[in-house]
Amino acid sequence: MPASRKRFDLNRHVAKLLQCRRCPRMQSTPVSGGAIVSDVMLIGQAPGPREPVLRRPFAHTAGKTLFRWFEEFCGMNEATVRSTIYFAAVCRCFPGKNSSSGDRVPAPNEIRNCSSWMGKEIAILRPHLIIPVGRLAILQFVDCGKLEKVIGRKFRVERAGHHFDVIPLPHPSGASPWHKIAPGKRLLERALKLIARHPAMKDLAGR
Ligand code: SF4
């Protein structure tokens, strides 16, 4: 499909997504990173309370860590990452807080509701690489009993007849130390090197 057609379809898709109100328990309207036509998609879990206000995904502390990883390993700063990678998420709205003041994990019906948006994005973009960030996002593509089994590896996945690579990352939130201590630290580095070497990322970074 020509890039102009993808751009047209994606613009229309994002405009519709922003109007979505399917899930009554969600505490915000949808957050989008914009209609970025790309061969690479990054899939987050769900926005926190700051993202709907700042109107972009990974806008707060977890984002700072995520963008530092990309800068360090792929040589791409935050502005470049945001303007060249399509940002999606398992759920696009802030789910609200849980009883222990963390963010509520989206319910299965909310994940189901939102999956059609991601399915459509994959159908429009036909990406070469998908980077799911955090267990909930990884689970949408590969079985993820333990992060140790999937971080640092590349998977070939098929959706509706389209094949693409999946390289999972752990969630960069400060809430979990997994990526800062062994073996997570080493596996994270391996995953980031795999991402940096992927042809679709090299194209984006002009390497
Ligand atoms: S979480 Fe997804 S499906 Fe649910 S209201 Fe938000 S955008 Fe719509």
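Both counts, for ligands and for their atoms, begin at 1 and track the order of listing. Below, each value reflects all heavy atoms present in this structure, side chains not excepted, and no hydrogens, waters or symmetry copies.
In this structure a side-chain-to-backbone donor-acceptor pair under 3.5 Å is present from Arg153 to Lys149.
Nearest heavy atom pair, residue Gly34 against residue Tyr86, reads O-CE1, 3.3 Å.
Here 1 is the count of protein N, O or S atoms positioned under 2.8 Å from atom 6 (Fe) of ligand 1, waters not counted.
Listed by first then second residue, pairs satisfying salt bridge (charged side-chain N to carboxylate O under 4.0 Å, His left out) with a partner in residues 104-121 read Arg92-Glu121, Arg104-Glu110, not counting sequence neighbours. Applying the salt bridge (charged side-chain N to carboxylate O under 4.0 Å, His left out) test to every pair with at least one member in residues 51-61, sequence neighbours left out, gives these pairs: Arg56-Glu78. The side chain to side chain donor-acceptor pair (under 3.5 Å) analysis of residues 162-176, with sequence neighbours excluded, yields the pairs Arg156-Asp165, Asp165-His198.
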With side chain to side chain contact (heavy atoms under 4.5 Å, CB included) as the criterion, how do Met26 and Cys20 come out once you've worked through the C-alpha distance, each side chain's angles and the decisive distance to 0.1 Å?
CA-CA 11 Å; Met26 287 293 175; Cys20 182; over 6 Å; no
